[in-house]
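Just the heavy atoms: all of them, side chains too, but no hydrogens, waters or symmetry mates, feed the values below. A, B, ... follow the sequence lines: proteins, then strands. Residue 1 opens every chain.
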2 protein chains.
Amino acid sequence: MDYYSRQISNLIEELSKLPGIGVKSAGRLAFHIIGMSSENVNALADAIRDAKANVHYCKECFTLTDTDICPICADDKRDHSTIMVVENVQDLAAYEKTGKYEGVYHVLHGVISPMAGTGPSDIRLKELVKRLEKEDIKEVIIATGSSLEGETTAMYISKLIKPTGIKVTRIASGVPVGGDLENIDEITLLRALEGRIII
Amino acid sequence: MDYYSRQISNLIEELSKLPGIGVKSAGRLAFHIIGMSSENVNALADAIRDAKANVHYCKECFTLTDTDICPICADDKRDHSTIMVVENVQDLAAYEKTGKYEGVYHVLHGVISPMAGTGPSDIRLKELVKRLEKEDIKEVIIATGSSLEGETTAMYISKLIKPTGIKVTRIASGVPVGGDLENIDEITLLRALEGRIII
């Protein structure tokens with residue numbers, strides 16, 4: 001990178017710190033950015049600063065928001081006695097896109113993963129427990145992913161909540177709608193079989 | 001994207017304008033950026049602004065530099081009578097990394113591509129012609145890529161310069177060093193055969 005001017009090397013270095021961006025992609029991005037209009041470059045730099053400066057955790061559900069309490073938690077029309085526990089903000093957005101879930105959320109910001117050194121105290125679990133003690137919750141829907149870590153986390157939370165008597169449910173595993181059985185892994189097929197329902 | 005706060009949606013939108021970054025990757029990057037330290041976020045935003053504000057074209061060779069004349073063009077120890085014509089700044093850097101080329105460069109910033117609507121006037125060709133008229137040039141080495149567009153551009157430049165009597169050469173096509181013949185395409189193999197030399 002000594003073959004570029006200091007500013008270019010620096011930009012390539014900063015961009016290559018981002019996840020999934022290697023030195024080659026960072027170079028391509030850097031030259032693209034230099035070729036963009038000043039207006040667009042400023043819009044990008046401002047968006048980066050602005051998101052970092054003004055976005056923080058919702059005090060209730062720990063999603064990312066620019067208000068103290070996020071719009072979902074602040075919405076009186078939603079069912080505040082049902083909490084869906086998700087791994088991250090993207091998963092919350094995925095459920096919101098369905099437009100059918102009327103409860104609220106709790107964002108863990110991670111999963112329990114002994115391999116990655118992430119324990120129960122590294123995710124927003126004690127905050128969930130606090131909500132269950134404080135609020136009148138009827139059901140906790142665990143919607144962590146169906147990876148090994150997602151399942152481990154679901155089991156952990158389930159054991160944690162069971163003694164309180166609050167109903168704990170887990171989203172169903174199975175064949176995705178429109179999925180071709182041929183292309184689906186065996187574990188998912190077995191899950192779909194185990195979870196079969198009478199029609 | 002309505003499921004995120006305005007700042008997050010805006011950051012995702014700006015990031016997804018970059019080449020090779022779709023909405024999903026932009027989302028991943030945005031949440032990563034929000035999770036970074038303020039110091040690192042500022043370093044990234046500053047690097048973006050700084051590169052755009054202070055990097056411009058070298059008045060001689062049109063590489064990107066923060067000085068009027070780039071360090072290569074300003075270097076008296078280099079052979080200013082030999083110009084290597086490259087497509088872009090990355091290709092210049094690739095030749096500089098060899099440490100063996102002692103001439104100077106001319107960066108075209110593109111190739112002639114009728115398919116993409118890029119004609120001879122869209123790349124820095126007239127600036128090359130001007131250099132050849134003004135300076136005492138002995139050789140022009142055409143180092144555009146061996147794609148169809150790179151070859152077209154090489155042919156075009158060669159025809160343009162030939163009448164001036166300046167020596168025009170083209171970097172060799174052939175089998176990459178360490179390359180396994182089995183994995184190399186037929187056109188490259190034929191080029192390597194055509195370009196064979198007595199040993």
Original post:
If you look at every heavy atom in B/A47 and A/E14, which pair is closest and at what distance?
Top reply: CB-CG, 3.8 Å

**OP:** Decide yes or no for A/V55 and B/Y4: does some side-chain heavy atom of the first lie under 4.5 Å from some side-chain heavy atom of the second?
**Re:** no

Subject >> Within-4.5 Å side-chain heavy-atom neighbours: A/I33 and B/L18 >> reply: yes

Original post:
What about A/L190 and A/V175, same hydrophobic cluster or not, with Ile/Leu/Val/Met/Phe/Trp/Tyr joined at side-chain heavy-atom distances under 4.5 Å?
Top reply: no

**OP:** Decide whether A/L148 and A/M155 are clustered together by the hydrophobic rule: side chain heavy atoms of Ile, Leu, Val, Met, Phe, Trp, Tyr closer than 4.5 Å, transitively.
**Re:** no

**OP:** Tell me, for A/I72 versus chain B, whether the close heavy atoms (under 4.5 Å) come from the side chain, the backbone, both or neither.
**Re:** neither

Original post:
Hey, which of A/G35, A/A93, A/P19 has the most heavy atom pairs under 4.5 Å with chain B?
Top reply: A/P19

**OP:** Run the numbers on B/L15 and A/L44 for side chain to side chain contact (heavy atoms under 4.5 Å, CB included), then give the verdict.
**Re:** CA-CA 7 Å; B/L15 289 170; A/L44 175 62; 3.9 Å; yes

**OP:** Check whether more than 12 heavy atoms from other residues, nucleotides or ligands sit under 6.0 Å from atom NZ of B/K59, and answer yes or no.
**Re:** no

Original post:
So which of B/N42, B/T65, B/N40 has the largest heavy-atom pair count under 4.5 angstrom toward chain A?
Top reply: B/N42

Subject >> More than 12 heavy atoms from other groups under 6.0 Å of CD1 on A/I187 >> reply: no

Original post:
Counting heavy-atom pairs under 4.5 Å to chain B, which of A/N54, A/I21, A/V89 comes out on top?
Top reply: A/V89

Subject >> Top contributor to chain B interface from A/Q90, A/E96, A/H56 [non-hydrogen pairs under 4.5 Å] >> reply: A/Q90

Subject >> Distance in Å, B/K52 NZ paired with A/L11 CG, rounded so as to fall on 0.5 Å steps >> reply: 12.0 Å

**OP:** Kindly check if the number of other-residue, nucleotide or ligand heavy atoms within 6.0 Å of OH (B/Y101) is above 12?
**Re:** yes

**OP:** Identify whether B/M84 and B/I69 are in the same connected component of the hydrophobic contact network (ILVMFWY, side-chain heavy atoms under 4.5 Å).
**Re:** no

Original post:
Looking only at heavy atoms, which two atoms of B/R49 and A/R49 are closest? And how far apart?
Top reply: NE-NE, 4.4 Å

Subject >> Residue part contacting chain A, namely of B/N88, when any heavy atom lies under 4.5 Å >> reply: neither

Subject >> Joint hydrophobic cluster, B/L128 plus B/V111, side-chain heavy atoms closer than 4.5 Å >> reply: no

Original post:
Hey, any chance A/F31 and A/V23 share a hydrophobic cluster, counting ILVMFWY side chains that come within less than 4.5 Å of each other, even indirectly?
Top reply: yes

**OP:** Would you mind telling me which of A/G27, A/G20, A/S38 has the largest number of heavy-atom pairs within less than 4.5 Å of chain B?
**Re:** A/S38

Subject >> Between CG on residue B/L64 and CD1 on residue A/I8, distance to nearest 0.5 Å >> reply: 4.5 Å

Subject >> Heavy atoms of other groups near A/K24 NZ, more than 12 under 6.0 Å >> reply: no

Subject >> Contacting moiety of B/L29, where chain A heavy atoms sit under 4.5 Å >> reply: side chain

**OP:** Tell me, with the steps shown, if A/I48 and B/M36 meet side chain to side chain contact (heavy atoms under 4.5 Å, CB included).
**Re:** CA-CA 11 Å; A/I48 290 171; B/M36 277 161 52; over 6 Å; no

